[in-house]
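Treat the numbers as computed from the prediction; the structure is a model and nothing was measured. Proteins get letters first, then strands, A, B, ... in listed order; numbering begins at 1 in each.
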Number of protein chains: 2
Amino acid sequence: MKTVPHITDAEWEVMKVLWNESPRTANDVIDAMQERTEWKPKTIRTLLNRLAQKQAISFTQENRVYAYFPLVSEGECVKSETQSFLKRIYGGAFKPMLVNFLKEEQLSEEDIKELRDMLDGKSK
Amino acid sequence: MKTVPHITDAEWEVMKVLWNESPRTANDVIDAMQERTEWKPKTIRTLLNRLAQKQAISFTQENRVYAYFPLVSEGECVKSETQSFLKRIYGGAFKPMLVNFLKEEQLSEEDIKELRDMLDGKSK
DNA sequence: CAATGTGTATTACAGTTGTAATCCAACTGA
DNA sequence: TCAGTTGGATTACAACTGTAATACACATTG
């Protein structure tokens, strides 16, 4: 099973941009990021570098410009982060978390219906 | 709404011990921890100190010995950590996460039944 | 009372993370 | 050709984390 590198909070924002569309040049990423954050361009370049170092992304070079693209899928990362979250908070057990969430969160009538349909799909 | 301090991975293990039973002396905590981790006693004391500093726990003094107890409940912390997790991974939306989980995770027939019952309880 | 043990307080130290600034090489326009 | 601009590489730096070790103060024992 492929292990995905650990992606930090700040890095995650950059990944989202690349998952959304790629390849993108550093400047494209910077533009996209500045619609959602206050980060300076230099900061975003740092994050791109770190992500490339840890092989979460890579790039192709076109003249002097790099175009970045993800090496790991959003699904993989979500799964991996979820696993460690679950492990930390709930000792790894999935159902207790669900139970807790369902207790705590407010869901619309449609949400509930949708979830129930999914459960129906799961049961044989 | 009360804000809980951020509790790190390592600190979380200590909190679990105190949530499980408190107050406990440092040595009690250390004993309990050593059943589950390899951490040195000094390490655990450091974690207790840091937790006390950030007011996640406090202590009473009995002669020269401290007895520690949580200042924040497990529920609060779970909720708070879950919020930031959700925000980071799913942009804060709860249902997409559930949908994803239900797709990914394998649940027993009883689990599914239990969840369905909970959903029934939620819908008016 | 002196040495030893024990519990707490202080200090250590490297790796990670957030958040950039500076340096350098190449391109571009005058 | 020279200076400014621009993209990338290197460096910065403090806070937070994991993981302790050392120092200190009080208590106990011989």
Only residue of B/Thr43, B/Leu51, B/Ile7 satisfying side chain to side chain contact (heavy atoms under 4.5 Å, CB included) with B/Val14 is B/Leu51
Verify the contact: side-chain N or O of [X] to OP1 or OP2 of [N], cut-off strictly under 4.0 Å; return yes or no.
X: B/Tyr68; N: C/dG7; result: no
X: B/Lys54; N: D/dA15; result: no
X: B/Arg64; N: D/dC26; result: no
X: B/Thr25; N: C/dG7; result: no
X: B/Trp39; N: D/dT19; result: yes
X: B/Thr8; N: D/dG18; result: yes
X: B/Lys40; N: D/dT19; result: no

Any N or O donor-acceptor pair under 3.5 Å from the base of D/dT19 to the side chain of B/Arg50?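 Yes, the side chain and the base share a sub-3.5 Å donor-acceptor pair.
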Rounded to the nearest Å, what distance is computed from the CZ atom of residue B/Arg45 to the P atom of nucleotide D/dA23? 17 Å
Parallel, tilted or perpendicular: which one describes the rings of B/Phe85 and A/Phe85, with boundaries at 30° and 60°?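 Judged by the thresholds at 30° and 60°, the geometry between B/Phe85 and A/Phe85 is parallel.
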Could you tell me how the ring of B/Trp19 sits relative to the ring of B/Trp12: parallel (under 30°), tilted (30 to 60°) or perpendicular (over 60°)? perpendicular
Under a 4.0 Å N-O cut-off, is there an ion pair linking B/Lys16 with B/Glu13?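 Counted as a salt bridge, because a side-chain N and a carboxylate O are separated by less than 4.0 Å.
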Answer yes or no: is there an ion pair linking A/Lys113 with A/Asp117, defined by an N-O contact shorter than 4.0 Å?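 Yes, A/Lys113 and A/Asp117 are salt-bridged.
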Reckon [X] touches a base, only the sugar-phosphate, or nothing at all at heavy-atom distances under 4.0 Å?
X: B/Thr46; answer: base
X: A/Asn27; answer: sugar-phosphate
X: A/Asp9; answer: sugar-phosphate
X: A/Thr43; answer: base

Heavy atoms from C-beta onward define the side chain here; which of [options] lies closest to that of [X]?
X: B/Lys42; options: C/dT22, D/dA21, D/dG7; result: D/dA21
X: A/Asn49; options: D/dT10, C/dG7, C/dT17; result: D/dT10
X: A/Val65; options: D/dG7, C/dG18, D/dG18; result: D/dG7

Helix axis bend for the helix from C/dC1-D/dG30 to C/dA30-D/dT1 - C1'-based end axes, five pairs, 10° rounding: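 Nearest ten degrees gives 30° for this helix.
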Looking at every non-hydrogen atom in both residues, tell me the closest pair between B/Ala26 and B/Arg45 and how far apart they are.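 The answer is CB-NH1, 3.7 Å.
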On DNA chain C, check which nucleotide each of B/Ala67 and A/Ile7 is closest to and give me the residue with the more 5' one. B/Ala67
